[in-house]
2 protein chains.
Amino acid sequence: MALLDTVVMRGLSSQGALSPEDKALLLGLELSPRQMSASEVLWLESADADLFCVVKEGWAYSYRNLKNGSKQILKFYLPGDIIGIRDFGFTRRLASAVMINEGVIYPFSYQQLFELFGRSNLAVGIMATAIRQQALLSERLIYLGKYAAHEQLAHFLYEIYLRLKRIGAVEDNSFLMPLTQELISDALGMSPVHVSRTFSMLREEGLVIRDRQHVQLPDPEALARLVEFNDSYIDEFLPPTFSELLRATP
Amino acid sequence: MALLDTVVMRGLSSQGALSPEDKALLLGLELSPRQMSASEVLWLESADADLFCVVKEGWAYSYRNLKNGSKQILKFYLPGDIIGIRDFGFTRRLASAVMINEGVIYPFSYQQLFELFGRSNLAVGIMATAIRQQALLSERLIYLGKYAAHEQLAHFLYEIYLRLKRIGAVEDNSFLMPLTQELISDALGMSPVHVSRTFSMLREEGLVIRDRQHVQLPDPEALARLVEFNDSYIDEFLPPTFSELLRATP
DNA sequence: CATCAGCCATAACCTATGTTAAGTGGGTGA
DNA sequence: TCACCCACTTAACATAGGTTATGGCTGATG
């Protein structure tokens with residue numbers, strides 16, 4: 001019911017995309033509501049991820065604790081929204097989630113979603129919903145930024161380093177980065193001049209050696225510590241439960 | 001081939017999640033490579049969205065032009081990445097995409113993805129890949145922020161307004177927002193004091209009237225203009241082509 | 001070999017926003 | 001009714017980062 005509400009609200013069924021069987025499947029899900037009090041925690045960062053929640057009443061939000069003691073809220077959830085899609089595909093929660101005021105949610109497990117998948121075109125609709133949600137998040141996050149410039153740049157370089165390493169494009173802690181400082185400034189939301197200043201800082205601290213497109217990170221771990229890099233989202237392997245679920249679903 | 005490379009690289013098949021049929025399906029896709037030159041445009045913002053691109057060689061990036069004339073880069077794409085997943089589920093491109101240096105890409109259409117869906121567990125793997133990518137984007141964007149405080153807050157309020165309107169929770173341009181200024185400050189990455197200052201500014205300009213949790217936007221359109229709100233991502237209805245494709249796929 | 005155009009470094013100065021602090025007002029409980 | 005607390009407001013001051021400007025490389029081109 002709750003899920004159907006949500007999907008219908010998003011306009012999926014109104015265009016005939018859902019067959020009667022699809023609808024029956026959704027209706028048969030039998031989600032049971034759960035009353036939540038204000039400030040109640042849905043889950044904390046790095047907890048096991050195994051379910052979503054449809055918000056029926058009340059507001060909630062997801063957030064990450066930052067190393068400077070503050071927190072960054074990623075998204076506010078309003079009635080009809082689904083919390084936890086961001087973590088689908090990961091073993092652990094990437095962010096904490098908490099109620100703002102009291103409300104009602106409908107939890108449903110990843111397992112239940114898997115049963116929907118593979119049987120119908122619902123997969124497509126749900127995937128689209130998920131991606132919309134992420135797009136919205138991104139849109140919001142474009143306006144954000146709480147870290148100092150040298151932390152941003154260090155984080156950026158370390159991410160590139162990890163991604164290149166995965167595809168075997170790092171040798172001896174060095175790699176090729178075909179980006180101008182102007183491009184980097186557009187990515188990090190700071191001025192090109194400040195990117196230059198910040199590179200100089202990192203160089204003086206011995207964290208980054210750079211000559212044109214050649215970048216070397218003499219001590220990647222030091223960089224990682226500086227930015228407290230959360231590499232769980234880089235590790236691209238599916239959690240073990242996925243393989244089991246995939247085999248279990250005919 | 002290219003797609004299989006990408007999926008394998010992401011660790012999907014290494015755990016037995018892909019059946020031989022799945023692999024054959026991927027191999028049968030017959031993607032044809034396309035040579036790209038440096039700075040070549042893949043697509044521009046708001047162009048029709050109908051295909052993805054797997055990057056085989058070279059770097060690319062996606063970006064949005066901002067109203068102040070600068071641009072915000074959303075993501076850099078490295079070999080093995082898929083460009084265009086963000087737009088899946090939308091009619092138009094949400095961001096432009098362009099090559100950085102020369103390289104090779106494999107385009108494949110949404111239609112081809114639909115053919116993969118509904119037949120196999122691939123749906124799950126691909127969805128997971130998509131979501132990972134978005135998670136990565138989010139992670140990166142946490143470090144961003146290029147707009148002034150009053151634009152951020154105006155954008156934030158207008159987004160909440162639109163989302164509440166969709167679920168019928170706006171009346172007479174007023175709505176209930178159970179957020180403290182401290183929560184808002186954590187969401188926007190600015191200090192609570194500055195949130196207050198900025199609310200005062202918006203009030204003086206007649207854009208926002210607020211009393212505790214009651215918020216009124218006397219002239220929502222004026223707010224929208226101030227932030228040049230891109231509401232294509234709020235409009236949650238599937239593009240017409242989706243319905244066709246869904247009906248066409250048995 | 002000379003020239004030119006990008007790209008980058010550094011400096012001086014300016015502004016938006018953070019920080020600290022003090023004060024106001026409404027809601028709630030004794 | 002009083003007192004307290006919490007959310008908010010406003011002000012004064014500090015600073016990270018933006019802006020503008022200048023000059024030095026380096027690699028491409030003729």
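Protein chains get the first letters and strands the later ones, always in sequence-line order, with residue 1 at the start of each.
Distance, B/His194 NE2 to D/dT15 C1': 14 Å, rounded to whole Å. Atom pair B/Leu188:CG and C/dG18:C1' shows a separation of 15 Å (rounding to whole Å applied). Rounded to whole Å, atom P of D/dG18 lies 9 Å from atom CD of A/Gln152. Atoms CG (A/Asp211) and C1' (D/dT26) sit 10 Å apart, rounded to a whole Å. One can place CZ of A/Arg210 at 14 Å from C1' of D/dT26, the figure rounded to the nearest angstrom. At whole-Å resolution of the value, CD in B/Gln213 and P in C/dG27 are 12 Å apart. Rounded to whole Å, the distance from CD on B/Glu182 to C1' on C/dG18 is 15 Å. Note: CZ (A/Arg203) to C1' (C/dT10) measures 11 Å, nearest angstrom.
For A/Ala149 and A/Arg212, each mapped to the nucleotide of DNA chain D holding its nearest heavy atom, the one lying further toward the 5' end belongs to A/Ala149. Of the residues near DNA chain D, B/Ser200 and A/His150, the one whose nearest nucleotide (by heavy atom distance) lies more toward the 5' end is B/Ser200.
Within the 4.0 angstrom heavy-atom criterion, base atoms lie near B/Ser191.
Residue B/Ser196 has its side chain nearest to D/dT10 when only D/dA7, D/dT10, C/dC8 are considered. Comparing D/dA12, D/dG17, C/dG27 against the side chain of B/Arg197 picks out D/dA12 as the nearest. In the set D/dA11, D/dA21, D/dG17, D/dA11 carries the atom at the smallest distance from any side-chain atom of B/Val193.
Applying the 6.0 Å contact sphere to CD of A/Glu102 captures no more than 12 heavy atoms from other residues, nucleotides or ligands.
The pair A/Arg34-A/Glu40 counts as a salt bridge, with a side-chain nitrogen and a carboxylate oxygen less than 4.0 angstrom apart.
Shortest non-hydrogen contact noted between A/Ser32 and A/Pro107 is O-CD, 3.3 Å.
Looking only at distances, no side-chain donor or acceptor of B/Thr198 sits under 3.5 Å from a matching main-chain atom of B/His150.
Remark: aromatic rings of B/Phe108 and B/Tyr106 are distant, center separation not under 6.0 Å.
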